[in-house]
Amino acid sequence: MSNKIEQQTINNAVWNACDTFRGTVDAGQYKDYILIMLFLKYVSDTWNAKIEEYKKQFGDDTKRINRRMENERFIVPQGASFYDLVDKIQQTNLGEEFDIALAKLEDANKEKLDGVFRNISFNNEANLGKTKDRNKRLQHLLNDFNCENLKLTPDVVQEDVIGEAYMYLIDKFGSDAGKKAGEFYTPSAVSTLVAKLANAQSRNTIYDPTCGAGTLLVKTANEIESNNYSLYGQEVNGQTWAMCRMNMFLHNMDNADVHWGDTLSEPAILENDSLKQFDVVVANPPFSLDKWGAENASSDNFKRFWRGVPPKSKGDYAFISHMIESAKRQSGRAVMVVPHGVLFRGASEGKIRTSLIEENLLDAVIGLPAGMFTTTGIPVAIVIFDRSREQGGKNANRDDIMFIDASREFDGSKKQNRLTPEHINKIYDTYMNRTELEKYSRPVPISEIKENEYNLNIPRYIDTFEEEEEIDLDSVVAEIERL
């Protein structure tokens, strides 16, 4: 058996391969090419390793080997392998050969890969340059991945190591691509915290209506000790949806049901023509999304906006309304990242917030440090809605909302502020135990929130004021005179 490859070795090798595109292609585009190459290399190496394994068992019995290979997770037909492309590296139409190989791979795995590669072309002049430059970049890309320390076979990579490399790249590209207001990327520590707070259990159904590349779904599932769960998601961006599909496969979560489309205007995950309801709903929706579809909300087929229609220029409560209506009655939970304006803005948002509090659905408000997202410096919060607080639910008698001000505890040693595992565990433990800590957390009676006109601004409920040391002016004057 070969020596195991360390996770960091794979991460470094793949990240170095990105140099092929840096400075020539926008990071928001070249991430797709790199991640597809990682996926193609993974399925090709795994396919070849299985063939060699069966050859040792069955010798030259080709029919028996082929029958076994038909049952593999992914079928890699002739002409669709990474190594088929390596053999064609000197061809003048290399971009076209890439597209042909991916089309063959998709056709051979229709049920799993249908449409995954439709949104990207390796023969695209606008993204990769004219033929000569495009061929050169693709040659470099093949050579970058065709190295001994990136042999992604089962005997040298640990379980899920490829999925972790994929997550590492998404992390890197998320911070490199500069998407607006965290729309497509959730910092790793934030997604870890949301996943823990979701507290998913075995046999739960887990749903992310704005799933992006699937990081939050994967992390939420990984908090469950067993593999007995079901994942669902929807993503509006076609290329990001494709990344999510591949991410699920690389994490051995093949059964994840991930759809492409706009969750607010056309939710895709339905049951009996109604919204499917889930045990756990998690999301980092795009902050204050403009033009989210308010003009059609009053006639929404799924009655998601019965508490009120959010303003057309801020879709935060549209996502909140969708997530709450997608959680199982009397038991479901929804955990989401939101901008602070959600906590105190008035007008229609204030009416919706009031209704949610009066229905006893809001369970916690957690303030996070500013400067955690690469694309916005605004502070954000996590809000938790718990439908078990409804009449008939196990927490129907709970009459407080847990407030946590974690905004001042972070690691600020790098460009971005970030939460350490210790910070994450403190927030999680404080929430789960509903612990009151001075200047940090407090379970606030709903009666007090009503007195504050349903304003959820955290400083109203947690006093973080630090008394300044009293200055003796007489002694200061005397010292000045002496000097």
Side-chain angles (χ1 to χ4, degrees), residues 1-14 17 33-91 94 96-114 116-117 122 138-166 169 227 245-256:
M1 180 177 287
S2 305
N3 293 328
K4 292 284 185 183
I5 297 178
E6 294 295 326
Q7 179 70 58
Q8 193 58 47
T9 300
I10 292 181
N11 290 353
N12 290 342
V14 175
Y33 297 104
I34 300 293
L35 292 174
I36 286 175
M37 284 301 297
L38 174 63
F39 182 78
L40 181 61
K41 183 72 158 59
Y42 166 67
V43 296
S44 300
D45 283 349
T46 302
W47 178 261
N48 290 345
K50 275 293 180 183
I51 290 176
E52 292 303 316
E53 179 184 324
Y54 291 138
K55 280 182 177 179
K56 290 178 181 177
Q57 290 184 41
F58 309 125
D60 296 328
D61 191 342
T62 306
K63 288 184 178 179
R64 200 170 179 185
I65 293 172
N66 289 340
R67 281 198 301 270
R68 288 296 184 95
M69 293 304 293
E70 288 174 359
N71 296 319
E72 289 303 304
R73 281 179 70 211
F74 291 98
I75 306 298
V76 182
Q78 188 172 359
S81 166
F82 171 84
Y83 299 98
D84 291 324
L85 291 173
V86 171
D87 291 340
K88 298 174 181 177
I89 197 168
Q90 297 301 329
Q91 292 199 12
L94 191 53
E96 185 179 353
E97 293 292 347
F98 266 82
D99 287 354
I100 291 171
L102 291 173
K104 286 182 177 179
L105 185 64
E106 185 175 314
D107 287 341
N109 301 274
K110 271 289 184 189
E111 188 175 334
K112 293 181 177 178
L113 296 179
D114 188 28
V116 167
F117 304 122
F122 283 78
L138 295 178
Q139 288 168 356
H140 284 316
L141 186 60
L142 285 169
N143 287 328
D144 287 337
F145 278 87
N146 190 30
C147 52
E148 284 301 317
N149 68 341
L150 203 62
K151 204 77 169 177
L152 308 181
T153 53
D155 63 326
V156 297
V157 296
Q158 301 168 7
E159 183 180 358
D160 201 34
V161 73
I162 307 306
E164 288 304 312
Y166 196 98
L169 281 178
N227 291 323
R245 289 285 302 277
M246 287 186 283
N247 197 9
M248 294 298 114
F249 298 139
L250 290 171
H251 281 85
N252 290 316
M253 298 173 179
D254 295 17
N255 294 325

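Along the sequence shown, residues carry numbers from 1.
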Undergrad: Kindly determine whether Leu152 and Thr46 satisfy side-chain contact (heavy atoms from CB on, under 4.5 Å), including the steps that lead there.
TA: CA-CA 7 Å; Leu152 308 181; Thr46 302; 5.9 Å; no
Undergrad: If you measure from CZ on Phe82 to CG on Leu142, what distance do you get to the nearest 0.5 Å?
TA: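 Spacing of CZ (Phe82) from CG (Leu142) equals 5.0 Å.
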Undergrad: Of the non-hydrogen atoms in Phe117 and Glu106, which two are nearest, and what is the gap between them?
TA: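 That closest heavy-atom pairing would be N-OE1, 3.3 Å.
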Undergrad: Between Leu38 and Phe145, is a side-chain contact (heavy atoms from CB on, under 4.5 Å) present by the stated rule, with each step listed?
TA: CA-CA 8 Å; Leu38 174 63; Phe145 278 87; 4.3 Å; yes
Undergrad: Can you tell me how far CE of Met253 sits from CG of Asn255, rounded to the nearest 0.5 angstrom?
TA: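 So the CG of Asn255 and the CE of Met253 are separated by 11.0 Å.
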Undergrad: Can you tell me how the ring of Phe249 sits relative to the ring of Phe74, calling it parallel under 30°, perpendicular over 60° and tilted otherwise?
TA: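 Because their plane-to-plane angle is over 60°, the rings of Phe249 and Phe74 count as perpendicular.
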Undergrad: Where do Ile89 and Gln139 come nearest, in terms of heavy atoms and distance?
TA: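 Closest approach of Ile89 to Gln139, heavy atoms only: O-NE2, 3.0 Å.
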Undergrad: Please round to the nearest 0.5 Å and tell me the distance separating atom CG of Asn146 and atom CG of Leu141.
TA: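 Going from CG on Asn146 over to CG on Leu141, the span is 11.0 Å.
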Undergrad: Which value, rounded to the nearest 0.5 Å, describes the distance between Ile65 atom CD1 and Asp60 atom CG?
TA: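 Going from CD1 on Ile65 over to CG on Asp60, the span is 7.5 Å.
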Undergrad: With no hydrogens and no angle check, is any side-chain donor or acceptor of Arg68 less than 3.5 Å from a backbone partner on Lys50?
TA: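 Flag not set: sc Arg68 to bb Lys50 has no pair under 3.5 Å.
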Undergrad: Quick check on Gln78: does its CD atom have over 12 non-hydrogen neighbours (other residues, nucleotides or ligands) under 6.0 Å away?
TA: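 12 or below, so no.
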Undergrad: Is it true that atom NZ of Lys63 has more than 12 heavy atoms of other residues, nucleotides or ligands lying nearer than 6.0 Å?
TA: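 No, not enclosed.
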Undergrad: Once the angle between the rings of Phe98 and Phe122 is folded into 0 to 90°, is it parallel (under 30°), tilted (30 to 60°) or perpendicular (over 60°)?
TA: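 The rings of Phe98 and Phe122 lie parallel, inter-plane angle below 30°.
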Undergrad: Are Lys41 and Tyr83 close enough that a side-chain donor and a side-chain acceptor fall under 3.5 Å?
TA: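 Result is yes, a qualifying pair exists.
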Undergrad: State whether the side chain of Asp84 and the backbone N or O of Ala80 hold a donor-acceptor pair below 3.5 Å, judged by distance alone.
TA: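 Judged by distance alone, yes, a pair lies under 3.5 Å.
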Undergrad: Measuring only between side-chain heavy atoms, which start at C-beta, is Val43 closer than 4.5 Å to Arg73?
TA: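 No, every pair of side-chain atoms sits at 4.5 Å or beyond.
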Undergrad: To the nearest 0.5 Å, what is the distance between CG (Leu138) and CG (Asn143)?
TA: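 Rounded to the nearest 0.5 Å, the CG-CG separation comes out at 11.0 Å.
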Undergrad: Can you measure from CG (Asn109) to NZ (Lys104) and round to the nearest 0.5 angstrom?
TA: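 It comes to 14.0 Å.
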Undergrad: Would a 4.5 Å heavy-atom cut-off, applied to side chains only, mark Lys110 and Leu113 as touching?
TA: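 The answer is no, as the side chains (C-beta and beyond) never meet within the 4.5 Å cut-off.
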Undergrad: What are the two closest heavy atoms between Ile36 and Met246, and how far apart are they?
TA: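 Closest heavy-atom pair between Ile36 and Met246: CG1-CE, 3.6 Å.
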Undergrad: Compare every heavy atom of Leu85 with every heavy atom of Leu94, then report the nearest pair and how far apart it is.
TA: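 Looks like CD1-O, 4.4 Å.
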Undergrad: Going by side chain to side chain contact (heavy atoms under 4.5 Å, CB included), name the residues that satisfy it together with Glu96, two or more places apart in sequence or in a different chain.
TA: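 Partners of Glu96 by the side chain to side chain contact (heavy atoms under 4.5 Å, CB included) criterion, ordered by chain and then number, come out as Asn93, Ile100, Asn123.
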Undergrad: Would you call the rings of Tyr42 and Phe39 parallel, tilted or perpendicular, where under 30° means parallel and over 60° means perpendicular?
TA: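 Tilted.
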Undergrad: Output all residues satisfying side chain to side chain contact (heavy atoms under 4.5 Å, CB included) with Gln8, sequence neighbours left out; order by chain, then residue number.
TA: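 Partners of Gln8 under the side chain to side chain contact (heavy atoms under 4.5 Å, CB included) test: Asn11, Asn12.
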Undergrad: Apply side-chain contact (heavy atoms from CB on, under 4.5 Å) to the pair Asn66 and Tyr54, showing each step before the final yes or no.
TA: CA-CA 9 Å; Asn66 289 340; Tyr54 291 138; over 6 Å; no
Undergrad: Where do Met248 and Asp254 land on the side-chain contact (heavy atoms from CB on, under 4.5 Å) test, with the steps shown first?
TA: CA-CA 6 Å; Met248 294 298 114; Asp254 295 17; over 6 Å; no
